[in-house]
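Heads up: the structure comes next, in structure tokens.
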Amino acid sequence: MNKKITVVGGGAAGMMAAIRAAELGASVTLLEPNERLGKKLNITGKGRCNVTNNAGLEELLANVPKNGKFLYSAFSRFDGRDAMAFFEKLGVPLKTERGNRVFPVSDSAFDISAALERRLKALRVSIVRDRAVELDIAGGVVTGVKGEKGEYPAGAVILATGGVSYPATGSTGEGHRMAAEAGHTVTPLQGSLVPLKEQGHDCARMQGLSLRNVRLTVFENEKKIYTDFGEMLFTHFGVSGPLVLSASAHMRRFDKKKYRLEIDLKPALNEPTLDKRLLSDFEKHANSDFCNALDELLPQKLIPAVVERSGIDPRRKVHDITREQRRDLLLQLKHFSVEIAGLRPVTDAIVTSGGVKVGEIDPKTMESKRVRGLYFAGELIDVDAYTGGFNLQIAWATGRAAGEAAAEQGETP
């Protein structure tokens, strides 16, 4: 007799859980209120979908700053290369880019969600457009799910409702509420891979300015904790863009620590070479005011902030600038700093940090230690990773582990 399993949430983790359980012969119902499955999946990687990272166990764990050890078993059985093989077998050709990031060759996230949907249909998973509102639990054992439109009895339930980032995609925190009602601890939810708020108003004055090919370094108090190269954006509240989102995952202790970003605006030039470039520009503009001599070196929106921070009078003639003043300008170009006041709200984040406490979940099976037959997968759990395909890999690996264990352990009610 088929085991009946209800999966709550049709995102990356939920679809993977449903597929694995159905492959093992379970009768699976997938509840998803959105018209489309994988709504958040379709917007990841700017719509290109950074499916996973072409990495083995150790490298995956090294990129999970929060509760990485919890994922040891799931990643051991399904790592980045296993995920690649899985999608290629579903007919999606993949490619590996910088940082071992893996994308569909087509650069379209829809190819990933469509392949998962085809697999669900081939396995006869019943996809029901309904929003789960309550878990049915009797005597410490889950017996099903109540939805807005119907009831779904089950021998096992897999909660895979996502975090609270991107609420427009349906990640509204309902899964956290149901987990808490079932007796689980939910650790505080905040954004990770999220834009940053500045202390002050310099960024707001440069709103809309995008910088490419800069080096960004994060300081926690005065300790350097992260550095990377790429592009970023100044906004009305502070900073955003790929470099900043990656950096934010390393900034987790605003209650106890101070954070500062340093931007090397000219990373391709070392200080002596940049000084020669300055001298050359200054010779060309010897009779100009200082504030009008930087047009070839910097974007227009950045010039007032750099001039102000250099301490040089903007109206000073370039030929009057001293060597010491040139040195001060050089320091600004190589170490342009932004004091960070905090993270933007979790609704602006790509992933949620926080969730169902990992100590209350069996790391091998993803089963609740509080309620028999209840499993968790994906962003709902208190684990999150750096950018680069690692967060989706968490979804695939935990979804697969939950689906497998539910099918093998679940009892039909």
Check: [Y] main-chain N/O paired with [X] side-chain donor or acceptor under 3.5 Å:
X	Y	answer
N63	E59	yes
K3	A407	yes
E32	G10	yes
R326	I321	no
T143	D136	yes

For K357, does the NZ atom have more than 12 heavy-atom neighbours from other residues, nucleotides or ligands under 6.0 Å away?
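Count not over threshold, so no.
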K258, NZ atom: more than 12 neighbouring heavy atoms under 6.0 Å:
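Not buried by this count: 12 neighbours or fewer within 6.0 Å.
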Electrostatic pair [X]-[Y], nearest N-O below 4.0 angstrom:
X	Y	result
R260	E222	yes
R215	D228	no
R20	E404	yes
R316	D289	no
E174	R177	yes
K95	D107	yes
E271	R327	yes
D362	K369	no

In Å and rounded to the nearest 0.5 Å, what is the [atom1] to [atom2] distance from [X] to [Y]?
X	Y	atom1	atom2	result
N50	T52	CG	OG1	8.0 Å
N391	Q393	CG	CD	10.5 Å
D79	L61	CG	CG	10.0 Å
M206	L233	CE	CG	11.0 Å
L135	I137	CG	CD1	5.0 Å
T29	I127	OG1	CD1	10.5 Å

Could you tell me if the side chain of [Y] sits less than 4.5 Å from the side chain of [X], heavy atoms only?
X	Y	result
T227	L216	no
R277	L297	yes
L159	Y375	no

Restricting to pairs with a member in residues 200-209, which pass side-chain hydrogen bond (donor to acceptor under 3.5 Å, both in side chains), not counting sequence neighbours?
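For residues 200-209, and leaving out neighbouring residues, the side-chain hydrogen bond (donor to acceptor under 3.5 Å, both in side chains) pairs sorted by first residue read D202-R205, D202-R309, R205-E308.
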Pairwise side-chain hydrogen bond (donor to acceptor under 3.5 Å, both in side chains) hits with a residue in residues 330-343, at least two apart
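Sorted pair list: E262-H335, D264-K334.
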Report yes or no: do [X] and [Y] form a side-chain donor-acceptor pair below 3.5 Å?
X	Y	answer
D382	T187	yes
R101	N53	no
Q409	T365	no

How would you list, by chain and number, every residue that makes a salt bridge (Lys or Arg N to Asp or Glu O under 4.0 Å) with R344, sequence neighbours excluded?
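By the salt bridge (Lys or Arg N to Asp or Glu O under 4.0 Å) rule, R344 matches D348.
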For V125 and I19, what are the C-alpha separation, side-chain angles and deciding distance, and is it a side-chain contact (heavy atoms from CB on, under 4.5 Å)?
CA-CA 8 Å; V125 170; I19 285 167; 5.9 Å; no
D384 and R252: salt bridge (Lys or Arg N to Asp or Glu O under 4.0 Å), yes or no, with the steps?
CA-CA 12 Å; D384 62 279; R252 292 172 178 267; 2.5 Å; yes
Could you tell me if the ring centre of H184 sits under 6.0 Å from that of F376?
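Ring-ring flag for H184/F376: true, centres closer than 6.0 Å.
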For the ring pair W396 and F75, is the centre-to-centre distance below 6.0 Å?
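Between F75 and W396, which both carry aromatic rings, the centre distance is not below 6.0 Å.
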Residue pair M15, L41: steps toward the side-chain contact (heavy atoms from CB on, under 4.5 Å) verdict
CA-CA 11 Å; M15 286 192 280; L41 185 63; 4.1 Å; yes
Checking ring-ring contact (aromatic ring centres under 6.0 Å, His included) against Y259, which of F219, Y226, F254 comes through?
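Running ring-ring contact (aromatic ring centres under 6.0 Å, His included) over F219, Y226, F254 with Y259 returns exactly one hit, F254.
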May I ask you to check if R48 and F103 form a cation-pi contact, with NZ or CZ under 6.0 angstrom from the six-membered ring centre and within 45° of the axis?
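Yes; both conditions hold, so R48 lies above the ring face of F103.
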Is there a side-chain contact (heavy atoms from CB on, under 4.5 Å) between D328 and I312 once you walk through the steps?
CA-CA 9 Å; D328 291 341; I312 304 167; 5.5 Å; no
Step-by-step side-chain contact (heavy atoms from CB on, under 4.5 Å) determination, T185 to E360:
CA-CA 8 Å; T185 309; E360 299 170 2; 2.5 Å; yes
Identify the residue among K89, R119, R124 that makes a salt bridge (charged side-chain N to carboxylate O under 4.0 Å, His left out) with E23.
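Result for salt bridge (charged side-chain N to carboxylate O under 4.0 Å, His left out) with E23: R119.
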